[in-house]
Every structure is written in structure tokens, then in C-alpha cells.
Amino acid sequence: MSAATEIGETRRQPSFGELFTPKLVTVLRDGYGLRQLQADALAGLTVAIVALPLSMAIAIASGVSPERGLYTAIIGGFLVSALGGSRFQIGGPAGAFIVLVASTGARHGVDGLILATMMSGVFLLAVGYLRLGSYIKFIPYPVTVGFTAGIAVIIFASQLSELFGLSLDGKEPGELIPKLQALAAAWGTFNPAAVAVTVLTIAIIAGLRRWRPSWPGMLVAVAAASTIAVAAGLPVETIGTRFGGIPRALPLPALPTPDLALMQAVLPDAIAFTLLGAIESLLSAVVADGMTGRRHRSNCELVAQGFANIGSALFGGICVTGTIARTATNVRAGAHGPIAGMLHSGFLLAFILVAAPLASYIPLAALAGVLAVVAWNMVEKTAFAALVRSSWGDASVLLVTFLLVIFRDLTEGIVVGFALSAVLFIERMSRAIAVETRRAVVQPDVADAADGPRQSYDASEATDPDTVVYRISGAFFFGSASTVATVLDRLAGQRKTFVIDCSGVPFLDSTAANVIEGAAHKAQRSGVRLFIAGASPAVRRMLFAHGVRPPLVRYKASVERALKQVRIDGVS
């Protein structure tokens, strides 16, 4: 049975109200008491401690003052959690937006940046309410890995001047090559004290991650670097010397000045914010789903992102999106639901009310060290290497996206990467049909005796409470991956044995392989044995390239052999 058929038979179409009811409401309906509040409060405090230095660092790297990053995390983060379709999503300023925000601010000023942020919020509302969020899932896996790695390179490059304490004569160029040329010309202003602060910050974060992973490494590192810099009187630039500190309260909300010419000018930037915000927030929600076994609602999440961007712009903030690192921290800290994210915003507000004067002493080199660690963590190194090895097609999409993001433009990288993936898919479809004519992409009806001698139907195979067999028919690629992922995610932890029948799959791509890898890891965490039956050599090679190999899964030539092995294991 195909994935689409199974879903259609077991699930009715949800109503508009069901689709857009925030997760906060459903969590409260399920019952919420003191124990859940304590868990959410602890998780919210943990995330706030991580978000405090990160929000300021991202704002500074984006070319705006540090308090705008805090306003974004407080207002935007609260609305994302209160209105979103994900139980664990944490919203705020994201490293992925640094390049776009910086370039928009450089061209149109802070007023244009805030206007573009508000327009992006309106566009995200439209995308969500029109239920277009599901189509974001069609972005192929090599494209997401490529643009994330490209963004990481750009973030690191944007921090080189702070990492080495360089002083440029004019404004730092945004493009990578001119930037490196300008930094090389300013090498004579190299500041050893700034390098020492940076190295200390990175070393503390790395050390705590290894030996004290439960400690807030980024906050401890920034606090330690600030204390040492002040005590030793190091000649390094700080938030106070460049920005004069941060305010001790939120500003009053204010609408951007309506300017039709400025709206037209920032329209491309607003569209870019919308596209990247939708992709980044849904990727973050998927990560949370994979860690918890829950399911987010894409369109409701995009609506929340829309309101969050509008709210952030009203208070002078920048773009808001779901943040993968802070969302994962929220889950690991034991959050129960969206109230953890709302409390994280409350704690951040308390921090600036109480401790704003201390922020003046934070060295910019320390925040640059934080962003260098963020950039390193953004690169999915294992996935990048697997895609390069898997096939020339996936490697081409990955590298083209990666290089275009670095040397051209983020949006251009995504669009070209997606188009190249579509062309490769068409080529693979034609090759699969030409080479494996017995495995058409759409399986035709055949006579009962067409496959040779038939075996008697064994009802126990379908009614066995400990075993489930799921058959995937047809091409398994990025366009169908989200549909199959929904079913696999629901089934992977329900029985003791899970058999995926791939005998009707002519080929699968890296996005599909990544889906099966996720299901395999979920099954492993749940103590479920996973078999893959009937996979062709080409399909098996792709799965192996993505880590879907023994002992994570067991391969059998057919479903019958897999079930026979299940019975043998049961007897032994």
C-alpha cells in the first residue's frame, strides 16, 4: 500500500480551526499542573541563558545594535511559542539571517530593515493561512545541507575582523572576496589581545561541552572572558565602547513610517526573509519532532512566525525564526510544552532589566568567538561528507548550492539548487524506467499468477501485534519524502519489529535516504528491530552512504525472509 493511500484511509481532513489551533492550547487541554510548570521553567531558564549572549552576537554580526537582538528574542520568541504549531520551538534571531539582515540594513538603513521584517511577517501569514507550508518540505536534502554550510562559512567570515581585532578604514564589504581583500589590507592593525579573548572563549565553550555538558557554556565563556579582559585591562573593543551599552527596558511599540517607495525597494529582501524564515523554522520543528517523537503543524507554525516578525518589527527587532540550537537545548532541558519558550522570553526580559549595565563590559571578540562556534556547529559535517560520497547528482546539488550561497546570493543558491534537483530527478526517472523496465515508477495491475507459484495467505503476518510491514511503492524522492516520513514516524515505535518493503522502489534519493535514517534511529531508541526488505543494489548503496547499515538495520532479500528471521529470533 502506498503512503498516500494509507494516510487517506486512516486520517480525515482536519478543519481550519484544528489546523491553526496553537500547540499551547492543546497542551493546556491535555492537563497542565505544577510539575509541568516546573519542568518548563527550568527549560526556559536554560534556553534564556544560552540565548542571552547569542542574541546580542547575532545582532552585532547583522550590523545592528545588540539590544535589537534581545528585543527579537523577547517579543518574537514569546509569540512563536504562544501561537506556534510546534510544541518545543524556540524563536529568536538566527545566524542564518546574518547575511540577509546585514545586506538589507546596509542598503536601506534600519528603517528599511524593520519594514522588510514586518512585510515578511505579513507574507508568512499569507503562506501559512493559504496552507502552502507543506510545500516547503519539498526542498531537497542536499539543498538544505548546502545552504546551511554556506551560511556557516559566511558567518565565520563576517567575524574575522572581530576575531583578530582588525580596524578597517572604511565599511567592511559584504561579498566574500572583497571582504577578505579588505581584511588582508588591514592586517597591520592585528590585535593580539582580541585574539587571546577569542581563543579563551572558544576553549571554554569546547571544554565545558566535553566535561560539563549541562553547564551553559556560551554564557560562562562570555562572562569569564569579560571578567579577565576588565581585570587585566586588555585593549579590546566592548559593547560599551562601540554601542554605549544596552537599554534597561523594552521600547514602546511603533509602526514603521509608511513609505511606498521604500516598500518597493525592500520587497525582494522581504521575500528572501520569508523564504529563509519558512525553511529555517520548519527545519527546526522537524529536528524537535525527531528528538521527541511529536508532530508539528507546518502552516500553524508559519502563521506564528508571521505574527512574531510583525511583533518584533513593532519593537525595533529584526527577523524572527525557529532556531535549531535553542530548540534542541529546550528539548534536552526537559521542556513539557510551549510555556517553556514563553518563559524563556520572560527570563530574557528580566535579565536586561536587572543586568543591562554589565553588558557594556562584554568584549566583541568574545561574542565573535561564540559565533565562530555557532558557525562550526551549523555545518552538518557527517551529512555533507555522505552526500559527496553518495552520488554525483547529490554531490553536484550540494556543491552548487554551497558555492552559490557563499559567492553569490542565498536565495539564488536555494532556487538553483532546487531546480538542479528537479532536473536530476527527471533524469533519474527516465534512467530508472529505461534500465529497470520491470520496476515502473507507477506499478501496473498484474494477474495473480504473474509472479510464479503463489504462497497461501498467512493472516498471522498481518495481525501479529509485534510486527508491522510497510510497503513503499514507486519513486521515493524529495517530493514524496514528507508523506512517507509521516507514516514511518508514526509506525517506527509501535511494534517490536518493523519491516520496510522496498521491493517496489525503483530508486530513492538522498532526501528519502535521510527519512529512512531518521526512522531507523527512532526505532533503535524505542528498542524496535528494523528490517529493509527487497532493496535493489542501487537503493541499498544510497542507504549505506547515509549510514543506514547494520547494526542499525538488517537487510533481507524479501519480506518473507525478513519475517522468517523474525520467527527464528523469536524462537531463539
Side-chain angles (χ1 to χ4, degrees), residues 44-78 90 92-95 98 101-102 105 110 158-159 161-163 165 191 193-194 196-198 200-202 204-205 208 215-251 312 315-318 320 323 325-326 344-374:
L45 178 60
T46 302
V47 177
I49 290 172
V50 173
L52 180 64
L54 202 53
S55 299
M56 292 189 289
I58 291 172
I60 293 171
S62 301
V64 298
S65 53
E67 70 270 13
R68 294 188 185 275
L70 294 173
Y71 300 159
T72 305
I74 293 169
I75 302 299
F78 183 88
I90 299 294
I98 287 175
V101 171
V110 173
S158 73
Q159 296 305 297
S161 60
E162 305 293 355
L163 290 171
N191 184 351
V197 170
T198 298
L200 175 65
T201 303
I202 295 174
I204 292 175
I205 293 173
L208 290 178
W215 288 20
M218 290 183 179
L219 185 63
V220 172
V222 170
S226 302
T227 302
I228 293 173
V230 172
L234 297 179
V236 294
E237 197 168 12
T238 66
I239 287 179
T241 59
R242 181 177 296 183
F243 301 103
I246 61 174
R248 298 187 63 172
L250 287 174
S312 176
F315 284 86
I318 56 178
V320 182
T323 55
R326 276 159 274 174
H344 130 271
S345 298
F347 285 125
L348 282 175
L349 177 59
F351 289 159
I352 68 169
L353 294 177
V354 174
L358 298 177
S360 298
Y361 300 102
I362 297 176
L364 297 182
L367 295 180
V370 168
L371 284 181
V373 173
V374 169

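Residue numbers count from 1 along this sequence.
Rounded to the nearest 0.5 angstrom, His344 NE2 and Ile74 CD1 are separated by 8.5 Å. Between Ser161 atom OG and Asn191 atom CG the span is 12.0 Å, to the nearest 0.5 Å. Annotation: the span from Ile49 atom CD1 to Leu348 atom CG amounts to 10.0 Å, rounded to 0.5 Å. Interatomic distance, CD1 of Ile204 versus CG of Leu200, reported as 4.0 Å (0.5 Å rounding). Here the straight-line distance linking atom OG1 of Thr201 with atom CD1 of Ile228 works out to 8.5 Å at 0.5 Å rounding. Atoms CG and OG1, on Leu358 and Thr227 in that order, are 9.5 Å from each other to the nearest 0.5 Å.
Among all heavy-atom pairs drawn from Pro247 and Ala356, the shortest one is O-CB, 3.7 Å. In this structure, Met218 and Val374 approach most closely via the heavy-atom pair CE-CG2, 3.8 Å. Pairing each heavy atom of Thr72 with each of Ser312, the nearest pair is OG1-OG, 3.6 Å. Considering every non-hydrogen atom in both Ile58 and Gly95, the closest pair reads CD1-N, 3.6 Å. The minimum heavy-atom distance linking Pro66 with Ile246 is given by the pair CG-CG2, 3.7 Å. Scanning both residues, Ile205 and Ala221, for their nearest heavy atoms gives CG1-CB, 3.5 Å.
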Side chain to side chain contact (heavy atoms under 4.5 Å, CB included) assessment of Ile75 paired with Leu250: CA-CA 10 Å; Ile75 302 299; Leu250 287 174; 4.1 Å; yes
Pair Leu364-Thr238, side chain to side chain contact (heavy atoms under 4.5 Å, CB included): steps then yes or no: CA-CA 5 Å; Leu364 297 182; Thr238 66; 5.8 Å; no
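Residues forming a side chain to side chain donor-acceptor pair (under 3.5 Å) with Arg242 (at least two apart in sequence, or on another chain): Glu162, Glu237.
With contacts defined as side-chain heavy-atom distances shorter than 4.5 Å, the pair Phe243/Ile60 qualifies. By the 4.5 Å heavy-atom criterion applied to side chains, Leu52 and Leu70 are counted as neighbours. Side chains of Tyr71 and Ser65 form no contact here, defined as non-hydrogen atoms less than 4.5 Å apart. Between Val50 and Leu219, the closest side-chain pair of non-hydrogen atoms is not below 4.5 Å. At a threshold of 4.5 Å between non-hydrogen side-chain atoms, the residues Leu54 and Thr323 do not count as touching. Between Thr198 and Gln159, every side-chain heavy-atom pair lies at or beyond the 4.5 Å cut-off.
More than 12 non-hydrogen atoms from other residues, nucleotides or ligands lie less than 6.0 angstrom from CZ of Phe351.
Between the side chain of Arg248 and the backbone N or O of Leu353, at least one donor-acceptor pair lies under 3.5 Å.
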